Protein chains: 2
Amino acid sequence: MLGFKLSVMRKKESTNFENEQFLFQVCELNSAIAMISGRWKSQIVYSISKGNDRFHLIQQELPNISETVLARQLKELETHAILVKQKIPNTIPLGVQYVLTNKGLDLVPILEHLCDWGKLYADGKEISTCSIS
Amino acid sequence: MLGFKLSVMRKKESTNFENEQFLFQVCELNSAIAMISGRWKSQIVYSISKGNDRFHLIQQELPNISETVLARQLKELETHAILVKQKIPNTIPLGVQYVLTNKGLDLVPILEHLCDWGKLYADGKEISTCSIS
DNA sequence: ACAATAACTAACAAAATTGTTAGGCTTTAA
DNA sequence: TTAAAGCCTAACAATTTTGTTAGTTATTGT
């Protein structure tokens, strides 16, 4: 029997989908943000960049994530070519290692900028405007 | 009669909420991404940074956004102190202008980096890994 | 008086994301 | 042979995000 669904398919005729496509075509900024904005996702990228390249190592860093959810987010990051899965030779049972692509590696400093930005204003730096009014 | 709800309140006892809070406390990166990751949001910030500082000017740039949704996203950006709403003196009827705070202004170059990153890999730069394997 | 513009809001519905349950496979250790 | 570690999947339920409908207020032009 054909046509069963893997996870839940996205609806292609919805306004939601059309608006997303519209934004993707306005500027790559929007596709970039879509790629990194899922729950756990950028933290996973950051974690891998620090050397936690195995499934169970990421789980140790993020104990609240479930296996299913971690596997799903890793697959999405793989779909966007931010990372690749590699079999580790000479491991028994055959292990899997997650490796950032150069696309993923280029993302890391941007995430660090975002992190700094978040810290700067979280630490209470006063917020002002420079408007003329 | 008290206790009616403005928009729909977030559920505070859910795993979803707890996981979000956990990530916020792991690294400000996650709160930073939460602030910019809503549909239309970073495009609105970018649009204001280019001088489209009025409600109807943003609507012109993003014709597919509805008034309700635009107002909602602007309010969320205001909640995160990325922008402020200002009455424009000597306009009739009294106009409203959206002005980026310094927090919002500091965000703009980061969004530009993200945009460049998106463009670089969208334009077909080959993706590779540097793993030893 | 009436329509139009600008800038909103509440309540609701549709769709998407996130989390849960219950499995799967392969190999080693007990 | 049973259990555990490591990695993964499908189906479903809970929650959140996004979009829609139908209003509001205030002012100007006709």
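To find a chain, count down the sequence lines: A is the first, B the second, and so on, and within it residues start at 1. All values reported here derive from a predicted model rather than from experimental measurement.
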Polar side chain donor-acceptor pair, B:Glu18 to B:Thr15, under 3.5 angstrom:
no
Are B:Ser31 and B:Glu28 close enough that a side-chain donor and a side-chain acceptor fall under 3.5 Å?
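Yes, because at least one side-chain N or O of B:Ser31 sits under 3.5 Å from a partner of the opposite role on B:Glu28.
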Quick one: on DNA chain D, does B:Asn16 or B:Val69 contact a more 5' nucleotide (nearest heavy atom)?
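Of the two residues, B:Asn16 wins.
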Closest approach to the side chain of [X], judged atom by atom: which nucleotide of [options] is it?
{"X": "B:Ala71", "options": "C:dT9, D:dG19, D:dC7", "answer": "C:dT9"}
{"X": "B:Arg54", "options": "C:dT18, C:dA7, D:dT18", "answer": "C:dA7"}
{"X": "B:Phe17", "options": "C:dA15, D:dT16, D:dC7", "answer": "D:dT16"}
{"X": "B:Thr68", "options": "D:dT9, C:dG19, D:dA22", "answer": "D:dA22"}
{"X": "A:Lys11", "options": "C:dA15, D:dT16, C:dA11", "answer": "C:dA15"}
{"X": "A:Asn19", "options": "D:dG19, C:dA16, D:dA10", "answer": "D:dG19"}

N/O (side chain, [X]) to phosphate O (OP1/OP2, [N]) under 4.0 Å:
{"X": "A:Lys85", "N": "D:dC7", "answer": "no"}
{"X": "B:Thr15", "N": "C:dT20", "answer": "yes"}
{"X": "A:Gln73", "N": "C:dT18", "answer": "yes"}
{"X": "B:Lys75", "N": "C:dT9", "answer": "yes"}
{"X": "B:Arg10", "N": "D:dT15", "answer": "no"}
{"X": "A:Arg39", "N": "C:dG19", "answer": "yes"}
{"X": "B:Trp40", "N": "D:dT17", "answer": "no"}

Report yes if the side chains of B:Ile36 and B:Ile110 come closer than 4.5 Å at any heavy-atom pair, otherwise no.
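B:Ile36 vs B:Ile110: side chains apart.
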Count the heavy atoms of every other residue, nucleotide or ligand shown that sit under 6.0 Å from NZ of B:Lys12, and state whether that count exceeds 12.
no
What integer distance in Å separates [X]:[atom1] from [N]:[atom2]?
{"X": "A:Glu67", "N": "D:dA5", "atom1": "CD", "atom2": "P", "answer": "11 Å"}
{"X": "B:Leu74", "N": "C:dT9", "atom1": "CG", "atom2": "C1'", "answer": "14 Å"}
{"X": "A:Leu70", "N": "D:dC7", "atom1": "CG", "atom2": "P", "answer": "9 Å"}
{"X": "A:Gln21", "N": "C:dA16", "atom1": "CD", "atom2": "C1'", "answer": "14 Å"}
{"X": "A:Met35", "N": "C:dT17", "atom1": "CE", "atom2": "P", "answer": "14 Å"}
{"X": "A:Asn64", "N": "C:dG19", "atom1": "CG", "atom2": "C1'", "answer": "12 Å"}
{"X": "A:His56", "N": "C:dT26", "atom1": "NE2", "atom2": "P", "answer": "21 Å"}
{"X": "B:Arg72", "N": "D:dT16", "atom1": "CZ", "atom2": "P", "answer": "15 Å"}

So which atom in A:Leu29 and which in B:Leu111 form the shortest heavy-atom distance, rounded to 0.1 Å?
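Nearest heavy atoms, A:Leu29 then B:Leu111: CD1-O, 3.5 Å.
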Pairwise 5' ranking along DNA chain C for A:Ile65 and B:Leu57, keeping only the more 5' one
B:Leu57
Identify, between B:Phe55 and A:Ser14, the residue whose nearest nucleotide on DNA chain C lies closer to the 5' end.
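Its nearest nucleotide being more 5', the pick is B:Phe55.
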Exactly one of A:Asn19, A:Asn16, A:Asn30 should register a side chain to side chain donor-acceptor pair (under 3.5 Å) with B:Arg39. Which one does?
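Among A:Asn19, A:Asn16, A:Asn30, the one meeting side chain to side chain donor-acceptor pair (under 3.5 Å) with B:Arg39 is A:Asn16.
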